[in-house]
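Lettering follows sequence order; numbering is per chain, from 1.
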There are 2 protein chains.
Amino acid sequence: MAILDAITVAANQQLLEVGPADLSVRAVARELGMASSAIYRYVSSRDELLTLLIIGAFDDMADVVEAKTRRVADLRRRWKAIGLACREWALDEPQRFALLYGSPVAGYAAPQDTIAPATRIPNLLIGILQEAKVETTVPAFSARVARSLKPALSDVNTWASLSTRDFSDSAFALGLMAWAHVIGSISFELFGHRHNVVGDSMADRRAYFEFELDVLADLMGID
Amino acid sequence: MAILDAITVAANQQLLEVGPADLSVRAVARELGMASSAIYRYVSSRDELLTLLIIGAFDDMADVVEAKTRRVADLRRRWKAIGLACREWALDEPQRFALLYGSPVAGYAAPQDTIAPATRIPNLLIGILQEAKVETTVPAFSARVARSLKPALSDVNTWASLSTRDFSDSAFALGLMAWAHVIGSISFELFGHRHNVVGDSMADRRAYFEFELDVLADLMGID
DNA sequence: ACTATATGCGAGCACCGCTCTTGATATGTT
DNA sequence: AACATATCAAGAGCGGTGCTCGCATATAGT
């Protein structure tokens with residue numbers, strides 16, 4: 001459907017200038033030179049359009065990160081490359097990042113179609129744990145914590161090669177922490193919570209972020 | 001100004017049901033039985049109202065967390081209590097948490113009045129580092145990273161007792177990480193990114209969060 | 001040629017933030 | 001007491017939003 005593509009392209013273009021909450025169906029229609037009511041032939045609601053944009057953004061981000069990091073052999077370097085690539089994509093397209101990891105649009109419930117593309121980058125991290133055969137354990141990791149992660153550890157469809165993994169449960173728990181931290185740190189930077197905390201220059205921001213990636217690598221026992 | 005109070009109370013009440021993006025000045029006016037135009041006698045714009053709500057939310061959250069944790073003597077326990085109290089407040093009032101740490105409302109720039117209340121909880125963490133006299137250093141911490149944190153380390157107004165601190169720069173850097181992680185993890189949970197990853201039950205969610213707090217405590221060298 | 005389906009348009013509804021004019025009610029001053 | 005002034009609220013209205021519905025047209029299938 002070429003017209004649907006045109007709609008999502010125009011909508012994504014609008015996301016370059018305005019946040020997800022202010023994305024306007026009427027503005028997209030104007031951009032395409034058609035009546036706003038015509039849009040609803042292809043998209044049932046503004047929320048459905050947002051869902052399409054979310055899936056597209058997850059895939060775009062994963063494509064970029066994957067392309068940039070697949071060929072990095074050294075595991076620690078690859079981990080850092082993934083984190084840095086995530087941050088770069090977010091800085092390039094802050095509104096789309098906010099669409100993925102910011103506050104969900106009011107009353108919006110993520111449909112099933114979004115969870116698969118959302119796990120692509122975390123899967124890269126799992127791949128690293130896989131190759132590293134991480135066995136490090138951490139004092140705080142208990143049977144109770146392991147049990148709280150069981151849903152993930154048993155879902156083979158979304159989490160790649162989790163059935164034949166050879167890293168420990170505690171490594172998985174730490175990997176989860178690392179991933180949450182990467183997204184959380186990028187959100188902090190993007191949403192203005194680094195003001196008066198870390199230097200405003202790009203170099204300072206990047207230096208601190210890279211420091212975090214190193215600490216996380218140590219934490220996970222990579223390298 | 002009693003009426004202004006009534007406005008913010010009504011607005012906060014509306015935030016119990018609807019997200020910050022959908023907060024409506026007209027609805028607040030309806031709630032108060034007055035014309036929407038009358039609101040603008042007390043608040044110059046919707047954004048200014050949001051700013052008032054942000055400041056109030058920062059202060060409310062800090063009040064609750066501080067009250068719950070001030071009397072905890074053991075430093076590690078106090079740290080965990082702070083994290084857990086933050087999460088509880090966020091679960092109680094998810095929309096207000098999103099107002100503080102979710103995607104900023106479009107085109108909104110945080111005014112000066114918000115930064116002081118925003119630093120109150122991080123200051124509690126600094127207090128812990130202070131008492132613990134943490135000297136642990138981490139391999140990844142370099143002079144470059146220290147330099148990127150200089151703005152914070154020199155701002156005495158917002159960061160309590162930072163002039164006479166007796167913990168290392170690297171401890172500060174790790175404390176910053178821990179704080180970002182707490183907020184990031186809560187955001188992940190609140191915004192739906194823990195689906196199919198951690199168990200859906202409250203007990204599972206809390207178990208994993210507490211695990212994270214323990215790991216962070218170890219990382220910071222508390223206890 | 002006739003029907004059926006697909007696609008687009010425009011008017012319209014109810015809501016939004018915000019402004020401006022008008023009017024009522026206090027308050028203070030001579 | 002009478003007037004002037006400041007304060008507050010209301011209502012109409014502007015341009016914007018998501019979305020629906022009826023109508024027109026174009027294309028396709030038989």
Side-chain angles (χ1 to χ4, degrees), chain A residues 1-56 95-96 98-99 102-111, chain B residues 1-56 95-96 98-99 102-111:
Chain A
M1 194 68 67
I3 299 187
L4 213 174
D5 284 352
I7 290 175
T8 61
V9 167
N12 272 321
Q13 192 173 350
Q14 199 168 128
L15 275 186
L16 289 176
E17 299 167 357
V18 92
D22 285 3
L23 185 132
S24 154
V25 175
R26 291 182 114 112
V28 170
R30 267 194 302 273
E31 177 83 20
L32 268 54
M34 62 200 307
S36 67
S37 53
I39 301 283
Y40 291 87
R41 294 276 174 201
Y42 302 91
V43 147
S44 72
S45 71
R46 183 175 169 279
D47 271 9
E48 186 178 302
L49 175 55
L50 282 177
T51 300
L52 292 178
L53 298 183
I54 288 174
I55 296 174
Q95 311 288 14
R96 293 178 86 194
L99 182 66
S103 352
V105 175
Y108 174 86
Chain B
M1 194 68 68
I3 299 187
L4 212 173
D5 284 352
I7 290 175
T8 61
V9 166
N12 272 321
Q13 193 172 350
Q14 200 169 125
L15 275 187
L16 289 176
E17 298 167 358
V18 92
D22 286 2
L23 184 132
S24 154
V25 175
R26 291 183 115 113
V28 170
R30 266 194 303 272
E31 178 83 20
L32 267 54
M34 63 200 305
S36 67
S37 54
I39 301 282
Y40 290 88
R41 294 265 167 203
Y42 303 91
V43 147
S44 72
S45 71
R46 183 175 170 278
D47 272 9
E48 187 178 304
L49 175 56
L50 281 177
T51 300
L52 292 178
L53 298 183
I54 288 175
I55 295 174
Q95 311 287 14
R96 292 178 87 193
L99 182 65
S103 352
V105 176
Y108 174 86

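How far CD of B/Q14 is from CG of B/D22: 9.0 Å, rounded to the nearest 0.5 Å. Summarising the geometry, atom OH belonging to B/Y40 is positioned 11.0 Å from atom CD belonging to B/E48; distances are rounded to the nearest 0.5 Å. Note that OH of B/Y42 is 7.0 Å distant from CD1 of B/I7, once rounded to the nearest 0.5 Å.
Across the protein-nucleic acid pair, A/I7 atom CD1 and C/dG8 atom P stand 8 Å apart, rounded to whole Å. Summarising the geometry, the separation between OH on B/Y40 and C1' on D/dA9 is reported as 15 Å, rounded to the nearest angstrom. Rounded to a whole Å, the CZ atom of A/R46 is 17 Å from the P atom of D/dG16. B/D22 has its CG atom 20 Å from the P atom of C/dA14, to the nearest Å. At whole-Å resolution of the value, CG in A/D47 and C1' in D/dT17 are 14 Å apart. Per the geometry, CD1 belonging to B/I39 stands 14 Å off P belonging to D/dG11, to the nearest Å. The separation between B/L50 atom CG and C/dC16 atom P is 15 Å, rounded to whole Å. Rounded to an integer number of Å, the gap from CG of A/L4 to P of C/dG8 is 11 Å.
Counting heavy atoms from C-beta on, the side chains of B/L53 and B/R96 never come closer than 4.5 Å.
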With the criterion being N/O to N/O and under 3.5 Å, what pairs connect the protein with nucleotides 20-22 of chain C, and how long is each?
none

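Among the heavy atoms of the strands lying under 4.0 Å from A/S45 are primed sugar atoms or P, OP1, OP2 only; no base atom is included. Contact annotation for A/L23: backbone-only contact, meaning every heavy-atom pair under 4.0 Å involves sugar-phosphate atoms and none involves a base.
Contact check, A/Y42 against C/dG8: a side-chain N or O comes under 4.0 Å of OP1 or OP2. Between B/S24 and C/dG17, a side-chain N or O to OP1/OP2 separation shorter than 4.0 Å is present. In this structure, A/R30 reaches the D/dT17 phosphate: one of its side-chain N or O atoms is under 4.0 Å from OP1 or OP2.
Among the nucleotides C/dC16, D/dA9, D/dT17, the one closest to the side chain of B/I3 is D/dA9.
In this model, a side-chain donor or acceptor of B/R26 finds a partner on the base of C/dG17 within 3.5 Å.
When all heavy atoms are compared, the tightest approach of B/L50 to B/P20 is CD2-O, 4.4 Å. Between A/I39 and A/A29, the shortest heavy-atom distance links the atoms CG1-CB, 3.8 Å. Pairing each heavy atom of A/A10 with each of A/E31, the nearest pair is CB-CG, 4.0 Å.
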